[in-house]
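See below for the structure under consideration.
Start at 1 and go down the list; that is how both ligands and their atoms are numbered. One-based numbering along the sequence shown.
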Amino acid sequence: MENEVLEKAFQDKIDSGIVIEPKDWMPDRYRKQLIRMMSQHAHSEVVGMLPEGNWITRAPSLMRKLILLAKVQDEAGHGLYIYSGTETLGVMRKDLVADLHSGKAKYSSIFNYPTLTWADMGSIGWLVDGAAIVNQTMLAKCSYGPYSRAMIRICKEENFHNKQGYEILATLMKGTPEQRAMAQESINRFWWPALMMFGPSDKDSPNSGELIRWKVKKQSNDELRQRFIDRSVEQATAIGLTLPDPDLKYNEVTGHYDFGPINWEEFYNVIKGNGPCNKQRLKARRDADSNGKWVRDAAEAYASKHN
Ligand code: 3HC
């Protein structure tokens, strides 16, 4: 009986837009859902450094190298920020990271695709960070205080990431025929995996119901995906890129772009661990963890001596 009273009071707080803070009572399920979602978001930020890190030493100019370095460092900070937010729910960061390394926890499917050309740095900034902005501006208004506040800070940096990616592509599209072809080929590879970042369609999303009821998600997977498509079509046209979907067509009735079918078999294959780079990404994270153990041990030894 008492739990029902507590759950009703909690839902009333959510419905009236009150932000939930770490010390507030919350249903175990709310806590569990946030730990799952926030930790996987943090994992995505950290694993997301790998595809771009692949091009830091091969950037075409010192300026491009500086910008890419800054972006990758930002992603590391986003990961640490969101891990800290997840820890307010009573979990240890080392346990979350262990779940990533064991393959138990997920991270965004998009980071399991290879970065084959410099133009991919543009596609990641424009499409991947663009999709992240659409998702994260929603999460900046979510019901859990530490998560929404983390998103406000992170969205500011995502906007820089998005603009620098779009500028890379715009520059290539004003370049030689080979540079234009490189930009178009990159978009052809990244467009559909970027749409999959928003998750399965609403009818196949087991978590969305609860997350929407608890105002963690304020829009559904499909609504956010549609918003991302609508803004991307016009931006692509503006720099002469063609999005690789022959079914893309403005619908005068709905005011949105209709688009072709998403390959959900590919999506579930990638999130099951069978994407082009899943094994490589997890190995890189496990290697980094073991190679960095001495730093953690030294920091803990110092802390135990000086606290
Ligand atoms: N990649 C990997 N797993 C995915 C996924 C994707 N693109 N989309 C969905 N999934 C998983 C979910 O985690 C869930 O599995 P689980 O229950 O074992 O965790 C399952 O597929 C079913 O999906 P649901 O729609 O039911 O799951 P959610 O309601 O959690 O929605 C989500 C999925 C939209 C990714 C949501 O979790 C979310 O908004 N997460 C926070 C944002 C985030 O993680 N973004 C990732 C990119 S971060 C990034 O790009 C940073 C940028 O700076 C580079």
Side-chain angles (χ1 to χ4, degrees), residues 29 32-53 68 70-79 81-83 85-86 99-100 103-113 115 121 123-142 144 147-148 150-151 153-162 164-165 190 192-214 216-225 228 262 264 266-275 278 281:
R29 184 77 189 146
K32 196 163 176 288
Q33 274 285 22
L34 279 169
I35 291 169
R36 174 192 68 85
M37 191 169 159
M38 290 173 71
S39 61
Q40 291 181 171
H41 194 163
H43 298 332
S44 303
E45 300 280 4
V46 172
V47 175
M49 291 193 286
L50 296 168
E52 290 174 308
L68 186 57
K71 178 183 190 303
V72 171
Q73 283 170 335
D74 280 351
E75 306 301 5
H78 296 177
Y81 223 58
I82 303 170
Y83 280 132
T86 316
D99 286 349
L100 170 68
K104 186 171 161 232
K106 293 184 170 71
Y107 58 89
S108 190
S109 49
I110 189 72
F111 299 122
N112 289 309
Y113 291 83
T115 45
M121 297 305 102
S123 298
I124 288 180
W126 178 47
L127 292 176
V128 176
D129 289 79
I133 289 170
V134 170
N135 175 295
Q136 290 166 180
T137 38
M138 170 198 68
L139 292 170
K141 303 178 194 83
C142 84
Y144 188 57
Y147 200 16
S148 63
M151 289 299 107
R153 151 108 183 244
I154 287 173
C155 282
K156 292 185 173 83
E157 292 175 344
E158 295 294 8
N159 277 301
F160 145 64
H161 299 171
N162 181 239
Q164 65 84 38
F190 273 91
W192 291 104
L195 299 190
M196 297 174 194
M197 287 176 65
F198 293 96
S201 52
D202 295 347
K203 63 180 177 38
D204 299 321
S205 172
N207 296 294
S208 284
E210 273 182 329
L211 293 173
I212 288 175
R213 181 156 54 82
W214 284 327
V216 177
K217 280 184 172 180
K218 311 232 13 207
Q219 273 90 32
S220 74
N221 296 359
D222 287 335
E223 284 171 333
L224 292 179
R225 190 177 357 257
F228 172 70
I262 293 175
W264 293 116
E266 175 184 334
F267 169 75
Y268 287 109
N269 220 4
V270 171
I271 70 172
K272 270 193 216 113
N274 308 319
N278 295 58
R281 301 291 185 235

**Asked** Partners of Lys141 by side chain to side chain contact (heavy atoms under 4.5 Å, CB included), sequence neighbours excluded?
**Response** Lys218
**With Phe111 via ring pair (Phe, Tyr, Trp, His ring centres under 6.0 Å) - residues at least two apart** = none
**Complete:** Honestly, for Asn207 the part within reach of ligand 1 (heavy atoms, under 4.0 Å) is both
**Fill in**
Any heavy atom of Ile110 under 4.0 Å from ligand 1? The part involved is neither
**Request:** For ligand 1, indicate whether the residue Asn221 contacts it via side chain, backbone, both or neither (heavy-atom separation under 4.0 Å).
**Result:** side chain
**Complete:** If you compare Met49, His78, Arg225, Lys106 by their heavy atoms, the one closest to atom 11 (C) of ligand 1 turns out to be Lys106
**Prompt:** Would you say ligand 1 has an N or O under 3.5 Å from any N or O of Gln136?
**Reply:** no
**Message:** For ligand 1 and Asp204, I'd like to know whether there is a polar contact (N/O to N/O, distance under 3.5 Å).
**Reply:** no
**Message:** Heavy-atom pairs closer than 4.0 Å: do any link ligand 1 to the side chain of Met38, the backbone, both, or neither?
**Reply:** neither
**Message:** Heavy-atom pairs closer than 4.0 Å: do any link ligand 1 to the side chain of Asn135, the backbone, both, or neither?
**Reply:** side chain
**Item:** Under-4.0 Å heavy-atom contact with ligand 1, by part of Phe267 that carries it
**Value:** side chain
**Complete:** Near Met196 (heavy-atom distance under 4.0 Å), the atoms of ligand 1 are 7 (N)
